[in-house]
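I have placed the structure first, in the form of structure tokens, so that the comments after it can refer back to it.
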Amino acid sequence: MAKMMYRDAVRSTIFEAMERDDRVVVLGEDVVGGMGTAGGPEAIGGIWATSTGLYDRFGPDRVIDTPISESAIVGAAGGLALAGKKPIAELMFADFIGVSLDQIWNQIAKFRYMFGGKSTCPAIIRMAYGGGFNAAAQHSQSVHHFLTAMPGLKVVMPSTPEDVRGLLREALRGDDPVIFLEHKALYGVTGEVPDGDWTIPFGHARLTRAGQDLTLVATGLMVGRCEAAADALAKDGIGCDVLDLRTTSPLDEEAILDSVEVTGRLVVVDEAPQRCSLATDISALVAQKAFASLKAPIEMVCAPHSPVPFALELEQAYLPSAGKIEAAARKVLGYR
Amino acid sequence: MQLSREQMLQAYRRMKIIREFEERLHIEIATGAIAGFTHLYCGQEAVAVGVCEHLDTDDKIVSTHRGHGHCLAKGCDVDGMMKEIWGSREGLCKGKGGSMHIADVDVGMLGANGIVGAGAPIAVGAALAAKLDGKGKVSITFSGDGACNQGTTFEAMNMAVVTKAPCIFVFENNHYSEHTGFEYAVGTQLDIASRAEAFGMKVWRADGTDFFAVHETMRDLLVYVRAGHGPAAVEFDTERFFGHFEGDPQRYRGEGELDRIRETRDCLKKFRASVVSAKLLTDADIDAIDAEVLSQIDAAVDAARAAPRPTPEDVLADVYVAY
Ligand SMILES: Cc1ncc(C[n+]2csc(CCOP(=O)(O)OP(=O)(O)O)c2C)c(N)n1
Ligand SMILES: [Mg+2]
């Protein structure tokens, strides 16, 4: 067992994979940091410090610092994967995915199916998403909802250092493109990471709080906020299941349905705006498959239907908070 | 062609406003007064001002993440910008945008931009609009040495050539994109202008720390573009005095590099030295502006601090449909 930060779990898991498998290569902007400068390679070591030390150990052929060219970065990851390598591309901020969307959506997501199952595309595309830094409309967004809607992609959203380790290992063992979404507000969070050679299979939610009265479903940063709401409710004797989905594609439908069948009440929390979101997707699932268990209408706590605003007060009001989750829970509990 | 005394005083004032605006932000950010990511333009003032002094409000510019200088040079309100950076509801963008998204279409400033390379295609569009209007107006995109590697920039250059859009690609080569050196990331290892040339544009090059060189270069370039010859590009060699963003440890810099560029490549110092030695302006003229600008910036900061904060209801202002 080792205690480590979320960002160190990313870095050390990549490091370990590169040691074990020389097909693993890393590429992205400033993943080395300092190329072509007086300070030299590794002067900075990645803006999230998730690639620090990789270049020194594995060199320029396997740790590829790229120009600012997201479309080419993702496309090259696709080509590397088709040609038998295991690329881990970093997009820095998830918002930059817009520049590379064709390569994700029309290319890497579709190769295996479109080529009649004859190819694999084990490309991992990592990126930092989410709000909380007053980084405004183009550096704060959540992107999981529209990526989850794309057939062919696996979408992973670790919320703890342990999950980073287990899910990234699983991604590296697979044959399919994986979108690996790291919440930038979690990079500094510390947690226990067990030793040994284990992984976390995709499509297995984690129950982080157990209770009989209400089900809270979330991903990423929102998991902690659900836990805070659940802890507040527990003081009033209300028990919540808190489900951390861990992967949104594949989705652990069973865990959600099993929980709602017991509690009969559901609050889904999503950092993205509600329309066509993970929250509406899960609500539809439950309405369709656990209708008879529901004791109250489902509540969704999501971002408003607007870009992410800059000012402190505006972003605070924008993001789902423990308080809003608790209020939604009480509304559901108070129904009839 | 000689600039008039008034023109020189105005250009210096504009550069000084940018400088002091930025130097002050550097301090305020360190104390935690300002949230978010801020990229300071300090060091590159001669480019923004040398370009924008030739423009009127009907000419458009599109900026970058390092946009304060372009905004100020194009005529965005100092107080409105300061309030925006502070996140006030009285800011130029009502606190919605912050440092990276300052815009004021009323003065022809079509936005700073958080997405590197996003500006060039937008500038082509504005140039096509100018062409349709037929009044000899132009559209300018500012790009860095990093942004010049983005496919969007390439596409925009070619499209501007093909459509003969009165679009000007201003490349500010400050030798770094984030923490990466220009020599590494720009494959030609030569310059950026030669790339634009390869797309079929007439190009210029000048020292971006010399206001007069920038100003003169732009005069020639604008005569060419306004005459309807289509797009043009210019590369200015310049320096950034602070980190990529505030908080950057800058370990990629060489020993003594910052002191050296502050000493020998400071466009304000160079401006003063050249106008005083040529007896065009006096030290006293310039000192007077320095003092005025300092108090203007003090007042802007005081106003920003005191300005009303947004309220939660403001989140859904300017949204055409809310759910
Ligand atoms: C599409 C996109 N990719 C990456 C970034 C992160 N980023 C912000 S500024 C920057 C470097 C830009 O360098 P340059 O164009 O030279 O401008 P400078 O910072 O020197 O003004 C990078 C990589 C971004 N904001 N948008
Ligand atoms: Mg640069």
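Just so it is clear, the values below take in all heavy atoms, side chains as well, and ignore hydrogens, waters and symmetry mates. We name chains A, B, ... by the order of the sequence lines, and we start the count at 1 in each one.
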Return the option, out of A:Ala311, A:Ala317, A:Ser140, with the maximum number of heavy-atom pairs under 4.5 Å with chain B.
-> A:Ala311
Identify which part of B:Thr152 has an atom lying under 4.5 Å from any heavy atom of chain A, answering side chain, backbone, both or neither.
-> neither
Are the aromatic rings of A:Trp48 and A:Phe93 close, with centres under 6.0 Å apart?
-> yes
Can you say whether B:Ile34 sits under 4.5 Å from chain A via the side chain, the backbone, both, or neither, judging by heavy atoms?
-> neither
Are the ring centres of B:Phe142 and B:His70 closer than 6.0 Å?
-> yes
Indicate, with yes or no, if the rings of B:His244 and B:Tyr176 have centres closer together than 6.0 Å.
-> no
Any idea which of A:Glu70, A:Glu315, A:Glu29 has the most non-hydrogen atom pairs under 4.5 angstrom with chain B?
-> A:Glu70
Looking only at B:Phe37, B:Phe182, B:Tyr252, B:Trp86, most heavy-atom pairs under 4.5 Å shared with chain A are made by B:Tyr252
Cut-off 4.5 Å, heavy atoms of chain A, and the answer for B:Asn113 is both
Option that, when pairs with chain B are counted at under 4.5 Å, heavy atom only, ranks first among A:Asp30, A:Thr66, A:Thr37 | A:Asp30
B:Lys94 side chain vs B:Glu84 backbone, donor-acceptor pair below 3.5 Å | no
Report the option among B:Gly97, B:Ala322, B:Cys93 that has the most heavy-atom pairs separated by less than 4.5 Å from atoms of chain A.
-> B:Gly97
Most heavy-atom pairs under 4.5 Å with chain A, out of B:Arg309, B:Glu313, B:Glu183, belong to B:Arg309
Decide whether A:His144 and A:Glu271 meet the rule of one side-chain donor and one side-chain acceptor closer than 3.5 Å.
-> no
Regarding A:Gln138 and A:Asp95, is there a side-chain donor-to-acceptor distance under 3.5 Å anywhere?
-> no
Ring centroid separation B:Phe242 to B:His26 under 6.0 Å = yes
Leading residue by heavy atom contact count with chain A [cutoff under 4.5 Å; candidates B:Met100, B:Gln250, B:Arg253, B:His175] | B:Met100
Engaged part of B:Ala147 at the chain A interface, taking heavy atoms whose separation is under 4.5 Å = backbone
Atom CE of A:Met300 with >12 non-hydrogen neighbours under 6.0 angstrom | yes
Is it the backbone or the side chain of B:Val315 that comes under 4.5 Å from a heavy atom of chain A, or both, or neither?
-> both
Against chain A, work out which of B:Ser177, B:Gly146, B:Ala118 has the most heavy-atom pairs shorter than 4.5 Å and name it.
-> B:Gly146
Does B:Arg66 make a cation-pi contact with B:Tyr41, if we ask for NZ or CZ under 6.0 Å from the ring centre and within 45° of the axis?
-> no
Determine the sole option in A:Tyr129, A:Phe133, A:Tyr6 for which the ring-ring contact (aromatic ring centres under 6.0 Å, His included) test with A:Tyr187 is passed.
-> A:Tyr6
Top contributor to chain B contacts, counting heavy-atom pairs under 4.5 Å, from A:Ile44, A:Asn134, A:Val99 | A:Ile44
Region of B:Leu316 in contact with chain A, defined by heavy-atom distances below 4.5 Å = side chain
Residue among B:Lys96, B:Gln150, B:Glu255 with most heavy-atom pairs under 4.5 Å to chain A = B:Gln150
